[in-house]
Enquirer: 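Just dropping this structure here.
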Protein chains: 2
Amino acid sequence: MTIINAGDYLKKHGIKPSLQRIRIFEYLIKNKNHPTVDTIFRELAKEIPTLSKTTVYNTLNLFMEKNIVKVITIEENETRYDADTSLHGHFKCTECSRVYDFDLDVPKFKEEILKGFEIQERHVYFKGICKDCLLN
Amino acid sequence: MTIINAGDYLKKHGIKPSLQRIRIFEYLIKNKNHPTVDTIFRELAKEIPTLSKTTVYNTLNLFMEKNIVKVITIEENETRYDADTSLHGHFKCTECSRVYDFDLDVPKFKEEILKGFEIQERHVYFKGICKDCLLN
DNA sequence: TTTTAAATTTGTAATGATTATATTTTATAT
DNA sequence: ATATAAAATATAATCATTACAAATTTAAAA
Ligand SMILES: [Mn+2]
Ligand SMILES: [Mn+2]
Ligand SMILES: [Zn+2]
Ligand SMILES: [Zn+2]
């Protein structure tokens with residue numbers, strides 16, 4: 001799914017597209033690096049000098065309510081965000097701390113044990129050392 | 001895997017079995033409810049009035065280094081611990097906040113994309129509403 | 001058994017991420 | 001242009017975790 005216009009996309013999901021909201025959402029779809037609040041803030045503060053970190057928090061929480069971003073909690077005390085809401089796995093490299101995406105096959109989950117449970121979210125993440133770091 | 005004697009198990013893993021360490025480990029294997037530090041502390045403080053929360057933190061971090069417990073980070077700001085180090089999935093109910101175990105089939109992961117990556121940890125968790133809560 | 005040293009536990013302070021609150025700024029409607 | 005609502009900002013508060021130093025316990029040495 002490619003998002004042509006961030007403003008339209010926000011509107012379509014019931015979010016008034018302010019400058020800050022557009023830039024934060026654009027940052028997420030252009031940099032698929034699963035950034036933290038701090039990363040987003042530091043990067044965008046260059047373009048928007050008045051930006052407040054609170055706004056980044058508020059905006060991401062709003063995005064989550066409206067289901068256009070997902071939260072990634074791999075490490076405690078390091079919350080990351082992802083504008084790709086499709087089901088996919090994440091691999092975090094413990095060397096370079098990059099977070100990679102990888103495909104997941106839903107029906108391959110053995111979920112019989114959870115018969116009678118209503119599953120709303122599925123999260124899969126691996127940790128280890130990425131190809132890049134292994135070659136060094 | 002059933003652990004007969006907590007003290008022996010700790011020794012076998014290079015951990016000197018102090019009273020606090022034994023009790024904390026026993027709590028984990030007897031209560032498979034994936035407790036938080038706070039839960040462990042509150043429960044054990046009844047038996048060990050001198051217990052310090054710092055000790056619970058220190059002990060769990062030691063257990064993690066020695067690979068006899070795993071950390072579960074489903075929610076940001078709610079770190080839980082599991083003495084079952086085998087690969088299995090977790091289901092967290094958003095109603096009663098219980099965390100259930102469920103089996104996972106390792107080879108069912110589609111990991112071709114991660115060829116060349118060294119995978120050290122695999123984590124799978126789902127969120128939703130458990131059977132119990134759905135029946136109310 | 002006493003003495004000494006090391007390991008462990010404890011209490012308190014510091015840190016850092018997130019949220020709460022109040023104020024200011026911006027957008028919208030009359 | 002004025003009033004009202006929404007959004008952004010600055011600052012303070014909260015809370016989980018860690019850092020640090022002192023006290024206690026355990027183990028080793030004498
Ligand atoms: Mn992703
Ligand atoms: Mn478990
Ligand atoms: Zn790497
Ligand atoms: Zn439930």
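Excluded from the calculations below are hydrogen atoms, water molecules and symmetry mates; all remaining heavy atoms, backbone and side chain alike, are included. Residue numbers begin at 1 in each chain, while the letters A, B, ... track the order of the sequences. Keep in mind that this is a model prediction, so the values were computed, not measured.
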Enquirer: Looking only at atom types and distance, does a side-chain atom of Thr94(B) sit under 3.5 Å from a main-chain N or O of Gly128(B), one as donor and one as acceptor?
Expert: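 A pair under 3.5 Å: yes.
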Enquirer: Taking 4.0 Å as the cut-off, does a side-chain nitrogen or oxygen of Tyr57(A) come that near to OP1 or OP2 on dT18(C)?
Expert: yes
Enquirer: Could you verify whether a donor N or O on one side chain and an acceptor N or O on the other, from His13(B) and Asn67(B), lie under 3.5 Å apart?
Expert: no
Enquirer: Select from Thr50(B) and Glu76(B) the residue whose nearest nucleotide in DNA chain C is closer to the 5' end of that strand.
Expert: Thr50(B)
Enquirer: Hey, what do you get for CD1 (Ile72(B)) to NE2 (His123(B)), rounding to the nearest 0.5 Å?
Expert: 9.5 Å
Enquirer: Testing the basics here: between Tyr81(A) and Leu28(A), what is the closest heavy-atom pair and its distance to 0.1 Å?
Expert: O-CD2, 3.9 Å
Enquirer: Could you tell me the separation between the CG atom of Leu44(B) and the C1' atom of dT10(C), rounded to a whole number of Å?
Expert: 16 Å
Enquirer: Regarding Asp103(B) and His88(B), do their side chains bring together a donor and an acceptor under 3.5 Å, going by distance alone?
Expert: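 Asp103(B) vs His88(B): no donor-acceptor pair found between side chains.
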Enquirer: Thr54(B) side chain: which of dT12(C), dT8(C), dT19(C) is closest?
Expert: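 Among dT12(C), dT8(C), dT19(C), the one nearest the side chain of Thr54(B) is dT12(C).
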Enquirer: Quickly work out the Phe41(A) CZ to dT19(C) P distance and round it to whole Å.
Expert: 16 Å
Enquirer: Provide, to the nearest angstrom, the distance between the CG atom belonging to Leu19(B) and the C1' atom belonging to dA7(C).
Expert: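 For the pair Leu19(B) CG and dA7(C) C1', the rounded distance is 15 Å.
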Enquirer: At under 4.0 Å between heavy atoms, what does Lys16(A) touch on the DNA or RNA strands: base, sugar-phosphate, or nothing?
Expert: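 The residue Lys16(A) makes sugar-phosphate contact but no base contact.
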Enquirer: Could you tell me whether the side chains of Glu76(B) and Thr79(A) share a donor-acceptor contact shorter than 3.5 Å?
Expert: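 There is such a pair (donor and acceptor under 3.5 Å, judged by atom type) between the side chains of Glu76(B) and Thr79(A).
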Enquirer: Just to be sure I understand the rule, does Thr55(B) reach a base, reach only the sugar-phosphate, or reach nothing, if contact means heavy atoms closer than 4.0 Å?
Expert: base
Enquirer: At the 4.0 Å heavy-atom cut-off to chain A, mark where contacts on DNA chain D begin and end, going 5' to 3'.
Expert: dA6(D) to dT17(D)
Enquirer: Mind checking Asn58(A) for me? I need base, sugar-phosphate or nothing, with any heavy atom below 4.0 Å counting as a touch.
Expert: base
Enquirer: Report the distance from atom CD of Glu65(A) to atom C1' of dT19(C), rounded to the nearest whole Å.
Expert: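 Result: 14 Å.
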Enquirer: Could you state the CZ-P distance from Arg23(B) to dT10(C), rounded to the nearest angstrom?
Expert: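 That distance rounds to 12 Å.
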Enquirer: On DNA chain C, compare the nucleotides closest to Val37(A) and Thr59(B); which residue's is nearer the 5' end?
Expert: Thr59(B)
Enquirer: What pair of heavy atoms forms the shortest contact from Ile29(B) to Ala83(B), and how long is it?
Expert: CG2-CB, 3.8 Å
Enquirer: What is the distance, rounded to the nearest whole Å, between atom CD1 of Ile48(B) and atom C1' of dT10(C)?
Expert: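 The answer, rounded to whole Å, is 13 Å.
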Enquirer: Rounded to whole angstroms, how far apart are CD on Glu75(B) and P on dT19(C)?
Expert: 12 Å
Enquirer: Whole angstroms only, please: what is the CD-C1' distance between Glu78(A) and dG16(C)?
Expert: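 So the CD-C1' distance, Glu78(A) to dG16(C), works out to 13 Å.
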Enquirer: Across the strands shown, which category fits Thr36(B) at heavy-atom distances under 4.0 angstrom: base, sugar-phosphate, nothing?
Expert: nothing
